[in-house]
Amino acid sequence: MRKVLYILGQLDDEDIEWMARRGRRFQAAAGTVLIREGMSVGELFFVLAGEVAVVVSGVGEVARLGRGEVVGEMSLVDSAPPSATVEAAEGALILAVDKRDLQARLAENPGFCGRFYKALAIFLADRLRSTTQRMNARGGLKAGTVMEDELDEGILDTISLAGARFEHLLARLSSGRDGNA
């Protein structure tokens, strides 16, 4: 299971439809940079297929993230520049949601805002726990494997619905009705 379930489990069907309409779906060739360390991020990215690599200057690749992962989420919480570069590793299929569009929806829709930030808090807490667990005894990070973390028992009741929402999002985007508006 991937971390997108944390987010989709908190959002409702209307929220998912909005992301499908507003998002930009694209196939990223290997090496395509989605997020550059130290530079502002303009989009939130959902990995629909394939993998992305997370690379930190002076350290190298620290993680590989696969289908269902979300990157660029920290830029929605604070204005600090990204601490890592994220690039497509194997021709990843990506859904990019413009940060300005997302911020406008957060401002105009209090229900979406509450659901989204709760989901983001759960997601970030779990990502921090996962990163800490991957640290080895020598203080390094285990790299090169796709993260496939266990889900918190407190949100298991939303997992089935979240999985169905992710599949609906994929189907919606594949149907060519994504709008790209």
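Since this is a predicted model, take the numbers as computed values, not measurements.
Using a 4.5 Å heavy-atom cutoff, the side chains of W18 and V97 are in contact. Residues L11 and M19 form a side-chain contact, since some pair of their non-hydrogen atoms from C-beta on lies under 4.5 Å apart. The closest side-chain heavy-atom distance from L170 to R67 is below 4.5 Å. Using a 4.5 Å heavy-atom threshold, the side chains of R105 and R22 count as separate. The side-chain heavy atoms of V55 and V62, taken from C-beta on, include no pair separated by under 4.5 Å.
Across all their heavy atoms, A89 and A53 have their closest contact at CB-N, 4.2 Å. Nearest approach of A84 to V56, heavy atoms of both residues: CB-CG2, 3.9 Å. Shown here for A20 and L169, the closest heavy-atom pair between the two residues is CB-CD1, 3.7 Å. When all heavy atoms of V41 and P82 are compared, the closest pair comes out as CG2-CG, 3.3 Å.
Taking CE of M39 as the reference point, atom OG1 of T85 lies at 10.0 Å (rounded to 0.5 Å). In this structure, the separation between NZ on K99 and CG on L106 is 11.0 Å, given to the nearest 0.5 Å. Between the CG atom in L44 and the CZ atom in F46 there is a gap of 4.5 Å [rounded to 0.5 Å]. L76 CG to Q103 CD: the interatomic distance, rounded to the nearest 0.5 Å, is 6.5 Å. Summarising the geometry, atom CD belonging to Q10 is positioned 11.0 Å from atom CG belonging to L120; distances are rounded to the nearest 0.5 Å.
Residues passing the salt bridge (charged side-chain N to carboxylate O under 4.0 Å, His left out) test with E108, sequence neighbours excluded: none. Under the side-chain contact (heavy atoms from CB on, under 4.5 Å) criterion, A28 pairs with F26, T32, A88, I94, sequence neighbours left out. For E87, the salt bridge (charged side-chain N to carboxylate O under 4.0 Å, His left out) criterion is met by no residue, not counting sequence neighbours.
Sorted by first then second residue, the side-chain hydrogen bond (donor to acceptor under 3.5 Å, both in side chains) pairs that include residues 72-84, not counting sequence neighbours, are E73-R127. Residues in residues 37-47 take part in these salt bridge (Lys or Arg N to Asp or Glu O under 4.0 Å) pairs, two or more places apart or across chains: R24-E43.
There is a path of hydrophobic side-chain contacts, each under 4.5 Å, that joins V71 to V59. Under a hydrophobic clustering in which Ile, Leu, Val, Met, Phe, Trp and Tyr are joined whenever their side-chain heavy atoms come within less than 4.5 Å, directly or via other members, L124 and Y117 fall into the same cluster.
A donor-acceptor contact shorter than 3.5 Å links the side chain of R25 to the backbone of L173.
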- Given I35 and F45, is the side-chain contact (heavy atoms from CB on, under 4.5 Å) satisfied, shown in steps? CA-CA 9 Å; I35 297 171; F45 299 99; 3.8 Å; yes

Name the atoms and distances for all side-chain donor-acceptor pairs under 3.5 Å in residues 109-116, with sequence neighbours left out.
| residue | atom | partner | partner atom | Å |
| --- | --- | --- | --- | --- |
| N109 | OD1 | G111 | N | 3.2 |
| N109 | OD1 | F112 | N | 2.9 |
| R115 | NE | D15 | OD2 | 2.9 |
| R115 | NH1 | G111 | O | 3.2 |
| R115 | NH2 | D12 | OD2 | 3.3 |
| R115 | NH2 | D15 | OD1 | 3.1 |
| R115 | NH2 | D15 | OD2 | 3.2 |

